[in-house]
J.: 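Have a look at this one before I ask anything.
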Amino acid sequence: MKLSDLIKDIPAVRITGNSDVEITGVNIDSRRIGKGHLFVAVKGTQTDGHRFISAAIEKGAVAVLCEQLPEDVRDDITYIETSSTEAATGFVATAFYGYPSQKLHLVGVTGTNGKTTIATLLYQMFRKMGHKCGLLSTVCNYIDGEALPADHTTPDPIELNKLLHDMVAAGCEYAFMECSSHAIDQQRIGGLTFEGGIFTNLTRDHIDYHKTFENYRDAKKKFFDCLSRKAFAITNADDRNGAVMVQNCKAHIRTYGIRSMADFKARILECHFEGMYLEIDGREVGVQFIGKYNVSNLLAVYGAAVMLGKQPEDILLALSTLKSVSGRMEYIRSKDGKTAVVDYAHTPDAIVNVVQALREVMNGKGELITVCGCGGNRDKGKRPIMAREAVKASDKVILTSDNPRLEDPDAILDDMEAGLTNEQKKAVLRITDRRQAIRTATALARPGDVILVAGKGHEDYQILGTEKRHFDDREEVRSAFGQ
């Protein structure tokens, strides 16, 4: 592709060199540059790509997209200056890969909790309906049935557009993706054409990055601000930020809710450990999920499917066959009648939702023992809140390590305990080693009790310092149960 075609959608300040040079690849990582590539120098959160322009040229780059020219400008290289390479990357990437999002029914899901569940269930549902689909999620990316590892909730713009291009090449009609606040703020989804967007909810998270809750909220809102008039936006009427998300949205707006007036409504008829009977828009359906928050998730899935043109009867039939996403409310039962639930809940609101769902199905029988921690090098402000919410809703709590990263695990637990009164601390054990904490919880439990292991869900690793070690909560529970 000619460079001039590649950069036609971005505001170039100045072009130095030949704009008709042929480009064979695009990258923001100088280590991945090959012969004939365009190198995009992005000022990232960890390092500045402008430092690696010379290295990219040595690797074979023939053009450089940058915010400022390097001191040693070469005559045989084309330089394109623009005001923000971060904003430009998505537009360059989508042009290079042939505008793949325009060839798919692409739906984005954003919010604090529920993104993975909603995106994955939509992917599963539309495949059951006979469509080839793609999925971009925290747990795993899929091109139809082919699984590809996921390192980030939303990949960088170049990897993202390549994945969408590969989905188109594989014959996919639909693609469903999580849109994290980081990805929206860093414009990783820039240049994409969305047919629809879904807002789940908003509670405290990622304040270490966004600094304030308002910044976090506004990052989510940008996604809906950018939807076109041809798109749809589905927002949660039960969340106080649901209306805020779509204030400036040009798309066709629809709402869903359990408590509020909404376009898509549901109520719980019955609830058991095995699932719930629901009434959705006047029709009854049995689903293999529990908890009011999952009713909201299922309503979002239902609403999106309706907006994508599917018939309500077909949607409900598919909903009844869907199963929980890996690491979300995943049950493991012991031979002597104990139940362990592994869930990704890692925010105060998520803990409340999961515990409330478990309490409803326990119906006053048995005790609830919660094992939870908080990640290192992340929002410290939520640590005392996490501990407080866990203790308020559980009979016993074991505070333990999550992914400590570069922080002292005991210092993280100190932060969590700071949110508890002396009376509350009496219901808490503090066991830094996560494996030992899980084993202690299973030993304390009696037949009929429920053990919630929260925070890591699908993750099969633990990050200690800079080392990523294999650790899977589900494996640890099964081992403790003697399975």
Side-chain angles (χ1 to χ4, degrees), residues 105 107-109 111 113-135 137 139-140 142 144-145 172-178 195-201 232-239 254-260 262-331 343-344 353-354 357 360-361:
H105 300 284
V107 177
V109 188
N113 301 311
K115 296 187 298 294
T116 301
T117 295
I118 292 169
T120 304
L121 294 184
L122 279 166
Y123 163 79
Q124 291 176 359
M125 172 185 284
F126 275 74
R127 290 194 76 210
K128 285 177 180 289
M129 290 177 170
H131 300 285
K132 287 192 172 185
C133 302
L135 174 67
S137 83
V139 177
C140 193
Y142 284 90
D144 203 25
C172 291
E173 303 168 71
Y174 296 85
F176 305 100
M177 68 178 289
E178 296 182 49
E195 183 162 338
I198 300 169
F199 171 69
T200 63
N201 49 63
F232 65 82
I234 301 177
T235 190
N236 186 352
D238 292 334
D239 188 282
R254 297 290 184 273
T255 58
Y256 66 93
I258 304 169
R259 303 185 305 272
S260 309
D263 297 303
F264 305 112
K265 288 279 294 177
R267 65 188 181 101
I268 301 172
L269 302 176
E270 289 182 35
C271 186
H272 313 279
F273 257 118
E274 292 70 27
M276 297 179 286
Y277 281 103
L278 306 177
E279 182 184 87
I280 296 179
D281 281 355
R283 299 174 176 88
E284 291 187 15
V285 61
V287 296
Q288 300 174 58
F289 299 82
I290 65 168
K292 290 178 181 176
Y293 71 98
N294 266 325
V295 178
S296 289
N297 291 338
L298 293 170
L299 262 181
V301 170
Y302 174 85
V306 169
M307 296 304 289
L308 288 168
K310 296 302 179 183
Q311 294 301 311
E313 294 80 4
D314 296 332
I315 300 169
L316 294 176
L317 180 61
L319 273 183
S320 69
T321 67
L322 299 179
K323 295 184 179 179
S324 183
V325 177
S326 175
R328 269 67 173 177
M329 277 290 196
E330 198 164 333
Y331 293 91
D343 193 89
Y344 189 54
N353 287 336
V354 171
E360 286 170 3
V361 294

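Residue numbers start at 1 and run along the sequence shown. All of these numbers come straight from a predicted model, not from anything done at the bench.
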J.: With a 3.5 Å distance limit and no angle check, can you tell me whether Lys265 reaches the backbone of Gly282 through a side-chain donor-acceptor pair?
T.: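 Absent.
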
J.: Mark yes or no for whether Thr255, through its side chain, and Asp263, through its backbone, hold a donor-acceptor pair below 3.5 Å.
T.: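 Judged by distance alone, yes, a pair lies under 3.5 Å.
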
J.: Hey, what do you get for CG (Leu269) to OH (Tyr277), rounding to the nearest 0.5 Å?
T.: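 Result: 10.0 Å between the selected atoms.
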
J.: State whether the side chain of Ser137 and the backbone N or O of Val139 hold a donor-acceptor pair below 3.5 Å, judged by distance alone.
T.: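 Looks like yes, one N/O pair under 3.5 Å.
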
J.: Check whether any side-chain heavy atom of Val306 sits under 4.5 Å from a side-chain heavy atom of Phe264, and report yes or no.
T.: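 Sidechains of Phe264 and Val306: in contact.
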
J.: Which atom names give the shortest non-hydrogen contact between Ile315 and Ala305, and what distance separates them?
T.: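 So the minimum-distance heavy-atom pair works out to CD1-CB, 3.5 Å.
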
J.: State, yes or no, whether a side-chain contact exists between Asn113 and Thr200 at a heavy-atom distance under 4.5 Å.
T.: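 The answer is no; the side chains never approach within 4.5 Å.
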
J.: Could you tell me which residues satisfy side-chain hydrogen bond (donor to acceptor under 3.5 Å, both in side chains) with Gln288, sequence neighbours excluded, listed by chain and number?
T.: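 Expected list: none.
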
J.: Is there a side-chain contact between Lys292 and Glu360, using heavy atoms and a 4.5 Å cut-off?
T.: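 Yes - at least one pair of side-chain heavy atoms lies under 4.5 Å apart.
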
J.: Side chains of Asp314 and Met129, heavy atoms from C-beta outward: is any pair under 4.5 Å?
T.: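 The answer is yes, as the side chains (C-beta and beyond) meet within the 4.5 Å cut-off.
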
J.: With a 3.5 Å cut-off and sequence neighbours excluded, list the donor-acceptor pairs that the side chains of residues 317-331 form with protein atoms.
T.:
from   : atom 1 : to     : atom 2 : distance (Å)
Ser320 : OG     : Leu317 : O      : 2.6
Thr321 : OG1    : Ala318 : O      : 2.7
Ser324 : OG     : Arg328 : O      : 2.4
Ser326 : OG     : Arg474 : NH1    : 2.8
Arg328 : NH1    : His458 : ND1    : 2.8
Arg328 : NH2    : Thr116 : OG1    : 3.2
Glu330 : OE1    : Gly327 : N      : 2.6
Glu330 : OE1    : Arg474 : NH1    : 3.3

J.: Determine whether the aromatic ring centres of residues Tyr256 and Tyr302 are separated by less than 6.0 angstrom.
T.: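 No - the distance between ring centres of Tyr302 and Tyr256 does not fall below the 6.0 Å cut-off.
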
J.: Rounded to the nearest 0.5 Å, what separates atom CD in Glu173 from atom CZ in Phe126?
T.: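 The CZ atom of Phe126 is 10.0 Å from CD of Glu173, to the nearest 0.5 Å.
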
J.: Flag yes if more than 12 heavy atoms outside Phe289 fall under 6.0 Å of its CZ atom; otherwise flag no.
T.: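 Atom CZ in Phe289 is packed in, count exceeds 12.
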
J.: To the nearest 0.5 angstrom, please state how far the CD1 atom of Ile118 sits from the CE atom of Met125.
T.: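 So the gap between those two atoms works out to 11.5 Å.
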
J.: Where do Gly257 and Ala262 come nearest, in terms of heavy atoms and distance?
T.: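 Residues Gly257 and Ala262, closest heavy atoms: N-CB, 3.5 Å.
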
J.: Please round to the nearest 0.5 Å and tell me the distance separating atom CD of Glu279 and atom CG of Leu316.
T.: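 Between atom CD of Glu279 and atom CG of Leu316 there are 11.0 Å.
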
J.: Would you check if the side chain of Asn201 reaches a backbone N or O of Asp239 as a donor-acceptor pair within less than 3.5 Å?
T.: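 It does not hold such a pair.
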
J.: Where do Phe176 and Cys133 come nearest, in terms of heavy atoms and distance?
T.: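 Shortest heavy-atom contact: CE1-SG, 4.3 Å.
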
J.: Which atoms form the tightest heavy-atom contact between Gly303 and Ile234, and what is the distance?
T.: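 It is C-CD1, 3.4 Å.
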
J.: Students often mix this up, so state it plainly: with edges at 30° and 60°, are the rings of His131 and Tyr174 parallel, tilted or perpendicular?
T.: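 Because their plane-to-plane angle is over 60°, the rings of His131 and Tyr174 count as perpendicular.
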
J.: Let's go through Asp144 and Arg127 carefully: what are the C-alpha distance in whole Å and the side-chain angles of both, what is the deciding distance for side-chain contact (heavy atoms from CB on, under 4.5 Å) to 0.1 Å, and is it a yes or a no?
T.: CA-CA 8 Å; Asp144 203 25; Arg127 290 194 76 210; 3.2 Å; yes

J.: Under the rule for side-chain hydrogen bond (donor to acceptor under 3.5 Å, both in side chains), what residues qualify as partners of Glu274, not counting sequence neighbours?
T.: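 Expected list: none.
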
J.: With heavy-atom distances below 4.5 Å as the criterion, would you say the side chains of Leu122 and Ile198 are in contact?
T.: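 Yes, side chains in contact.
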
J.: May I have the step-by-step check of side-chain contact (heavy atoms from CB on, under 4.5 Å) for Ser296 and Ile258, ending in yes or no?
T.: CA-CA 7 Å; Ser296 289; Ile258 304 169; 3.5 Å; yes

J.: For the side-chain contact (heavy atoms from CB on, under 4.5 Å) test, which of Val295, Leu299, Asn294 pairs with Asn297?
T.: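 Exactly one pass, corresponding to Asn294.
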
J.: Taking atom CZ of Phe273 as the centre, does the number of heavy atoms from other residues, nucleotides or ligands within less than 6.0 Å exceed 12?
T.: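 Buried by this count: over 12 neighbours within 6.0 Å.
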
J.: Could you pull out the closest heavy-atom pair between Ala237 and Ser260, with the gap in Å?
T.: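 Nearest pair, atom of Ala237 first, then Ser260: O-OG, 3.3 Å.
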
J.: Quick check: does any side chain N or O of Lys128 sit under 3.5 Å from a backbone N or O of Gln124, one acting as donor and the other as acceptor?
T.: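 No: the side chain of Lys128 does not pair with the backbone of Gln124.
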
J.: Would you say Leu278 and Ile268 make side-chain contact, with heavy atoms under 4.5 Å?
T.: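 Side chain of Leu278 against side chain of Ile268, heavy atoms only: contact under 4.5 Å found.
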
